[in-house]
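What you see is a predicted model; the values in this text were computed from it and never measured. Order of the sequence lines fixes the chain letters, A, B, ..., with proteins taken first and strands second; residue numbering starts at 1 for each chain.
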Amino acid sequence: MLAQLSFRERNLALCAAGLVMLVGLLVTAVGWQDLIAVHGVIAALYTAGIIALLLKHRKAPAPSPERLKEYYDDPTKIGILLCLVWGVFGMAVGDWIAWLMAYPDATFDAAWASFGRIRPVHTTGVIFGFGGNALIATSLHVVQRTSRARLPDQFSPWFVLLGYNLFCLLAVIGYPLGITQSKEYAEPEWYLDIWLVIVWVAYLVLYLRTLARRQEPHIYVANWYYLAFILVVAVLHTVNNLAVPIAVGSTKSYSLFSGVQDAMTQWWYGHNAVAFFLTAGFLGMLYYYLPKCAGRPIYSYRMSIISFWGITFMYMWAGSHHLHYTALPQWVQTLGVGFSVMLIVPSWGSAANALLTLNGAWHRVRDDATLRFMMVAAVFYGLSTFEGSFMAIRPVNSLSHYTDWTVGHVHSGALGWVAFIVFGSIYSLVPWLYKCKGMYSKYLVEIHFWLALSGTLIYLISLWNAGITQGLMWRTYNESGELTYSFLDSMIAMKPYYIARGIGGFLFLTGACLALLNVVMTIKQASRESSRSDASTRAAAVDLPVAGAPQS
Amino acid sequence: MSLIERDNHSGYTTTGHEWNGIKELNTPIPRIVLICLAGTFLFAVTYWYLMPSWPLGDRFYPGKLGIDQRTTLAEQTREADKLKRSWIQSVEAADFEAIYFDNALMAAVNDSGARLFEDNCSMCHGRLGVGNLSYPSLADESWLWGDDPTVIYETLRVGINSEHPESRNAIMPAFGQMGVLDAGTIDDVVTYVRTEARLPVLRTRDASKRLKAGQATYKLACSGCHGTDLKGNQSIGTPNLVDRYWLYGSDKDSVFESIWSGRQGHMPSWEARLEPYERKLLAVYTTTLD
Amino acid sequence: MIIKTHYRIEKNSIALVLAIILVSGIGGLFEIAPLFSIDETVESAPDMRVYTPLELAGRNIYMREGCYACHSQMVRTLKDDVDRYGPYSLAAESQYDHPMLWGSKRTGPDLARLGEKYSDHWHTMHLNNPRDVVPESIMPAYRWLLRTPLDTQDLSLHLNAMRRVGVPYDDAMISNATQDALAQATPELSTSKALMERYGEETNVRVFDGKADTVTEMDALVAYLQILGRLTALPYQESSSTQ
Ligand code: HEM
Ligand code: HEM
Ligand SMILES: [Ca+2]
Ligand SMILES: [Ca+2]
Ligand SMILES: [Cu+2]
């Protein structure tokens, strides 16, 4: 794989890796009494591994200029594997914490394993590890195809992918050790936040450079979404993570804003992490793989426009629905309600656009589990956005807020929408990438589909029940006008639902493991086949860029 | 490349663009989408008009209705209080005897009292009131301060060894730690107290001598508080040492620890947290636990 | 017409970038910036005090352990919230909270009004193993808090960083941070008086974890829990004035 890099790029990669390693060692030295040293050492080891690989291949022959006539998919291939590994890991941790809520002592009495410390391991693992890698991997694939241009160079995609995974790795190792900013979905401490900014800028530049090389006059909708995802996440991340570290050699920082201002900034970020990380990026995915797989044109270009700009504009106002009835001034809450309700229209616009695209291909949906994954994803996207707009209405939120209903809503989006679209896209993408007829086992894909669907439904139904029960118990008054149930009553009532959730999660996790297995087997099979015959060149002929060879 | 085609299935034309095989139809936006957009927009604008909404530099638009979440809550609270007032007054006015004989009030005790107990007291005294190590059971017949609801009501107001200025104080001195008694002497007292409590004690050769010594020390140091009969004194909140109930454990080491390091249970004051009528319900509820 | 304009935008990646930034930027500007400029946003609470170094250390432990994942610290303006937990939370109460810990899930009860509800002894037992005192509890056990001595060495740095983000710590508070932290959990130290002078007579100076000889992480966390809702009396006055 590394042989594709030109000599210049190999040296550049060495320099970059060396620099990061140096910083890692420096951090270790300066903060050797602090937990930051652990992060320093891991960063150094990680980059040492990369450097070792690079050195091994340094003397490999210069890459053939022929390669520039093809798309550059190696980072996508690795990204998909990383995505699935993170997915299995993150969901396993998710299921573990799900069981912890029924059996709280399942922690080996270890500090690192307590609920509060591993919950962010789950959220970071699935959102950033699983979701983020899926987004990077597919966006690099999609932007090349829809621009008919190869990535501008071979170094920056690796920098983005590996740099990003370093961020995820350090974050996830940090929480069990107690390194956290305690801001939901932005838990990594200040220095990791800075590192992510660097990686993210590289990602944006890479994306724009590829777009600049495109051979199509128009930029395809998928790229609008990917671009919005990259841009807005950059802004959100930077503002929400503004903080003052106590010392350069320390993990600890204090966030710049406090109280209400901090709360609003946090949920402006948090809600739009949902909107632009868990929604916009994945809509980009949907917009490419679904029509590709169904062999149908997008139902309506005009609806794409309305949806895209609606989502980009309105989501940014909706964050205050996480703070209803709190000390946040009510005027902000009111604005949030209005935009959250309006948001249903562009959201359903996208969902409908996807489903109507399937018109004329429903027989394929019936027969092909891959396409069915994407269809279900679009349905759950519609369901969870409807639910979200509903929960954003203040009286509804007064019931749902703080309860497991919110968690149910989260996973209706996270499992039903995000994970389903990722699996659907991966199942269609992997055979294309490895130039084989299909996945290793169609049968496994089918089993995965039903495991995922039943797991999701069990999860959702149990938590909707849990949340509504909880919400009602908290607010029930008796004839004397006194509260009827104690908090403990409501907690005890949750137990069966928590157990059901654990079971649903386990089914979903099993499915994810099958996906990983299936992808690995497909790759193995493909490499066996291509060594036997040279069928790959034939298959590849249809999937080539028209962009002139970039300077290497 | 830029070729507008007609899609056979839907009958619409494409935009003429193509990306790696993906085409788009130029289907007009369905009317329903525009209607919904207008509808939700209308909802939002109306809502913004009525309620506090847009920021205006250093202030914000307060809304046509002139209400906000705080005034609404105050209003709801007033309404609820109005409905509850007569009931609350009947609780406050009734003396404890009367409450026990009033079925309606006792129903409230069992219902609302139980909820109050679980949210505030069960953490220490257990959901059933049976207590825990160092937290007294309220469901047995042994009481530090007595089982009279009036006494309990007062205990709830001021707490025991709490931060409240009028708190009840009940401190078991740390005889060992403060150097008043040495370990051997305390051992003897432990033997004496546990013998009197009919707990099994080790029969050593000098047992009777030690029992005597223990008894002497008890008379001198302890009887003032725990009584010469070891039955405690409810007026100062000292526990009975010869009943079956032990707050801090009855084994030799625990009793020794009680005398060596002293004890000072902390029962919070509820005056600031609970209304008088709530404390009254709780006082009655507490006496009904068993 | 609109389609024509859009054609122009979608043919130019820089135009697309600018349009996205513009369109997505408005919401945040309208909702966040005025929170700094509208005076009413944060009530004035003249009696508001800052966290002592021990309490701040406790707060950091609260964050480290992820308590906020299960506990909110925000009583909403809803009748059942107020009836169960106490007066609703005001913005002023978290004005020194960098970051805020309002939370978004109540697996356990709200803690905004927790201070002095229970005894130190209870908190110590409960955190050590919740099921020792609440058999039904599903809260994790935090046994290591009692075994781990509190790291007080760099507390001055913490206070200093807090000052840089706007919390009114004075020089004496910063330079005596370590000493103050130890003093708060060790009443017999002579330095306790200086601590009270700096942070007020109301400051809790106690052996929070029942072990007078060491200052543990438990001391810090319990000290923090015991001042929740007690940094200012404003919420208690406010609710009685509106009723
Ligand atoms: C095997 C499947 C999964 C299981 C069993 C699972 C379980 C859980 C559990 C137990 C929680 C904690 C809820 C609480 O604190 O009450 C949680 C939170 C969360 N999970 Fe999952 N999860 C799974 C998959 C996923 C996936 C695939 C995603 C995202 C793509 C995801 C995103 C989240 C998020 C965002 C939260 C935080 C919710 C909040 O703060 O309200 N989860 N999950
Ligand atoms: C129109 C679209 C949507 C709206 C208006 C919306 C609205 C909401 C509301 C009102 C809450 C509850 C806040 C609270 O009471 O604490 C919430 C929570 C959440 N939603 Fe959505 N939602 C939408 C779509 C989605 C989608 C597609 C996902 C995808 C994964 C998602 C993920 C989440 C997450 C992770 C949370 C939990 C935040 C937290 O408390 O940690 N939402 N959303
Ligand atoms: Ca962060
Ligand atoms: Ca949450
Ligand atoms: Cu939201």
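To the nearest 0.5 angstrom, C:T77 atom OG1 is 8.5 Å from B:D68 atom CG. The structure places OG of B:S134 at 5.0 Å from CE of C:M125, a figure rounded to the nearest 0.5 Å. Considering CG of C:D80 and CD of B:Q76, their distance stands at 9.5 Å, rounded to 0.5 Å. Taking OH of C:Y118 as the start and CE of B:M267 as the end, the distance is 11.5 Å to the nearest 0.5 Å.
For C:F36, no part lies under 4.5 angstrom from a heavy atom of chain B. Contact annotation for C:R76: neither backbone nor side-chain heavy atoms come within less than 4.5 Å of a heavy atom of chain B. For chain B, the nearby part of C:L78 is the backbone; its heavy atoms alone come within less than 4.5 Å. Interface remark: B:N161 contributes no atoms to any contact with chain C (heavy atom separation under 4.5 Å). Of the two parts of C:E136, only the side chain, counted from C-beta on, holds a non-hydrogen atom closer than 4.5 Å to a non-hydrogen atom of chain B.
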Under the side chain to side chain contact (heavy atoms under 4.5 Å, CB included) rule, what do C:R84 and B:R115 come out as? Steps first, then yes or no, please. CA-CA 10 Å; C:R84 194 182 302 278; B:R115 201 286 298 175; 4.1 Å; yes
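The shortest non-hydrogen separation linking B:R273 to C:E116 is NH2-C, 4.0 Å. The two atoms that bring B:M123 and C:V134 nearest to each other are SD-CG2, 3.6 Å, heavy atoms only. Across B:H17 and C:Y7, no two heavy atoms sit closer than the pair CE1-OH, 3.2 Å.
The backbone N or O of B:D58 lies less than 3.5 Å from no partner atom in the side chain of C:S37, so there is not a single donor-acceptor pair.
B:E163 pairs in a salt bridge (charged side-chain N to carboxylate O under 4.0 Å, His left out) with only one of the listed residues (C:K117, C:R206, C:R230), which is C:R206.
Highest contact tally toward chain C, considering only B:A272, B:G265, B:A80, B:P55, is held by B:P55 [criterion: heavy-atom pairs under 4.5 Å].
Counting only heavy atoms from C-beta outward, the side chains of C:E40 and B:F60 approach each other to under 4.5 Å. Within the 4.5 Å cutoff, no side-chain heavy atoms of B:N132 are placed close to those of C:D132. In this structure, B:H266 and C:W122 have side chains that are not in contact, with every pair of non-hydrogen atoms separated by 4.5 Å or more. Contact annotation: the side chain of C:K79 never approaches that of B:E79 to less than 4.5 Å [non-hydrogen atoms, C-beta and beyond]. Using a 4.5 Å heavy-atom threshold, the side chains of B:R70 and C:L90 count as touching.
Within 6.0 Å of atom CD in C:E202, 12 or fewer heavy atoms from other residues, nucleotides or ligands are found, so the atom counts as exposed in its surroundings. Counting non-hydrogen atoms of neighbouring residues, nucleotides and ligands closer than 6.0 angstrom, the NZ atom of C:K193 reaches no more than 12 such neighbours.
Under the 30°/60° scheme for interplanar angles, the aromatic rings of B:W54 and C:F30 are found to stand perpendicular.
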